[in-house]
Asker: 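First, the structure itself, so that you have it in front of you.
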Amino acid sequence: MASEKSCGELLVRLSDMGSVIKAVKRDLPFTGSRAGLTLLVALSRCGEVRMGELAEMFEVDQSVISRHVADLQERGWVERIPNPRDGRSWYVRLAPEGEHVTGELLDHVRHLLADTLDDWTDEEITELAGLLGRFRTSFDARRARAAHLPRADQAVTRTAPAVNQAVNRTAESVKTVKGL
């Protein structure tokens, strides 16, 4: 079972990653918004996605996603497709130019990471990637469980106020990193 002490150190390291991600995004040869960049990468990973699902994925209002998608569409990087089963909703997918732009950006980041981690073994990088994936899965599972608790029970599951403040600051950093 995880101790609060080790989780405190994890919290510090996660906060450190916010500045690393910001620096990587700053160094990218990208003319769009940072939120647009995040959406392009998400669409590259997920394929065609409903607008509402994108809003849920990034935990923002659908109007926010609509503005970012409109900007990306004007640039020719994404396409909006009406939902054939429901005329009220839309799907979004990368346009061919968006695939090209996203591919170049991801290649740039892979090169940057390979250069930065040149003293790491492939096994170490694979282990870190696996642990980060496991962390995300655990985090999402906990959030899903908490979402199903009645409000009174959610308050009981919270930890000390100082930890809550640190978690909230980290959550804000993550939202800033996402650019949304």
Asker: Using side chain to side chain contact (heavy atoms under 4.5 Å, CB included) as the criterion, list what pairs up with D86, not counting sequence neighbours.
Answerer: N83, R88, S89
Asker: Can you tell me how far the CD atom of E124 sits from the CG atom of D119, to the nearest 0.5 Å?
Answerer: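 Reported value, rounded in 0.5 Å steps: 8.0 Å.
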Asker: Kindly state each residue pair satisfying ring pair (Phe, Tyr, Trp, His ring centres under 6.0 Å) with at least one member in residues 125-144, sequence neighbours excluded.
Answerer: none
Asker: Going by the rule side-chain hydrogen bond (donor to acceptor under 3.5 Å, both in side chains), which residues pair with E9 if we only count those two or more places apart in sequence or in a different chain?
Answerer: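 Applying side-chain hydrogen bond (donor to acceptor under 3.5 Å, both in side chains) to E9 gives R13.
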Asker: Which residues pass the side-chain hydrogen bond (donor to acceptor under 3.5 Å, both in side chains) test with R67, sequence neighbours left out?
Answerer: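 If we apply the side-chain hydrogen bond (donor to acceptor under 3.5 Å, both in side chains) test to R67, skipping adjacent residues, there are no hits.
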Asker: Please tabulate, for the side chains in residues 43-58, all donor-acceptor contacts under 3.5 angstrom to protein atoms that are two or more places apart in sequence or on a different chain.
Answerer:
{"residue": "E48", "atom": "OE1", "partner": "R93", "partner atom": "NH1", "Å": "3.3"}
{"residue": "E53", "atom": "OE1", "partner": "R50", "partner atom": "N", "Å": "3.1"}

Asker: Nearest 0.5 angstrom please: T31 OG1 to L37 CG, how far?
Answerer: 10.5 Å
Asker: Which residues satisfy the side-chain hydrogen bond (donor to acceptor under 3.5 Å, both in side chains) test with D118, sequence neighbours excluded?
Answerer: none
Asker: Rounded at 0.5 Å granularity, tell me how far OG1 in T137 sits from CZ in R142.
Answerer: 15.5 Å
Asker: Do E79 and Q73 make a side-chain contact, defined as non-hydrogen atoms from C-beta onward lying under 4.5 Å apart?
Answerer: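 Result no, sub-4.5 Å side-chain heavy-atom pair not found.
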Asker: Could you note down all residue pairs passing ring pair (Phe, Tyr, Trp, His ring centres under 6.0 Å) where residues 28-54 supplies at least one of them, sequence neighbours left out?
Answerer: F30-W77
Asker: So, taking the atom named OG1 in T102 and the one named CD in E99, what distance separates them when rounded to the nearest 0.5 Å?
Answerer: 8.0 Å
Asker: Given side chain to side chain contact (heavy atoms under 4.5 Å, CB included), test L39 with I65 step by step and report yes or no.
Answerer: CA-CA 9 Å; L39 282 173; I65 291 295; 4.0 Å; yes
Asker: With clusters built from Ile, Leu, Val, Met, Phe, Trp and Tyr whose side-chain heavy atoms come within less than 4.5 Å, directly or transitively, what are the remaining members of the cluster of L132, listed by chain and number?
Answerer: L117, W120, I125, L128
Asker: Got a sec, which hydrophobics cluster with Y91, joining ILVMFWY side chains under 4.5 Å apart, including via others?
Answerer: I81
Asker: With sequence neighbours left out, write down each residue that passes side-chain hydrogen bond (donor to acceptor under 3.5 Å, both in side chains) with R143, or none if nothing qualifies.
Answerer: E59
Asker: Would the number of heavy atoms belonging to other residues, nucleotides or ligands and lying under 6.0 Å from CG of D16 be above 12?
Answerer: yes
Asker: On a heavy-atom basis, which atom in A95 and which in G76 lie closest, and how many Å separate them?
Answerer: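 Smallest interatomic distance, heavy atoms only, reads CB-O, 3.4 Å.
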Asker: Under 3.5 Å, is there a donor-acceptor pair between the side chain of R34 and the main chain of K25?
Answerer: yes
Asker: Less than 3.5 Å apart, which donor and acceptor atoms pair up between the side chains of residues 103-110 and the rest of the protein, not counting sequence neighbours?
Answerer:
{"residue": "E104", "atom": "OE2", "partner": "H100", "partner atom": "NE2", "Å": "2.9"}
{"residue": "D107", "atom": "OD1", "partner": "R110", "partner atom": "NH2", "Å": "2.6"}

Asker: Could you tell me whether a side-chain N or O of S6 sits under 3.5 Å from a main-chain N or O of S3, the two making a donor and an acceptor?
Answerer: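 Yes, S6 side chain to S3 backbone: donor-acceptor pair under 3.5 Å.
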Asker: Who are the side chain to side chain contact (heavy atoms under 4.5 Å, CB included) partners of D61, not counting sequence neighbours?
Answerer: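 With sequence neighbours excluded, D61 shows a side chain to side chain contact (heavy atoms under 4.5 Å, CB included) to S63, V64, given in chain and number order.
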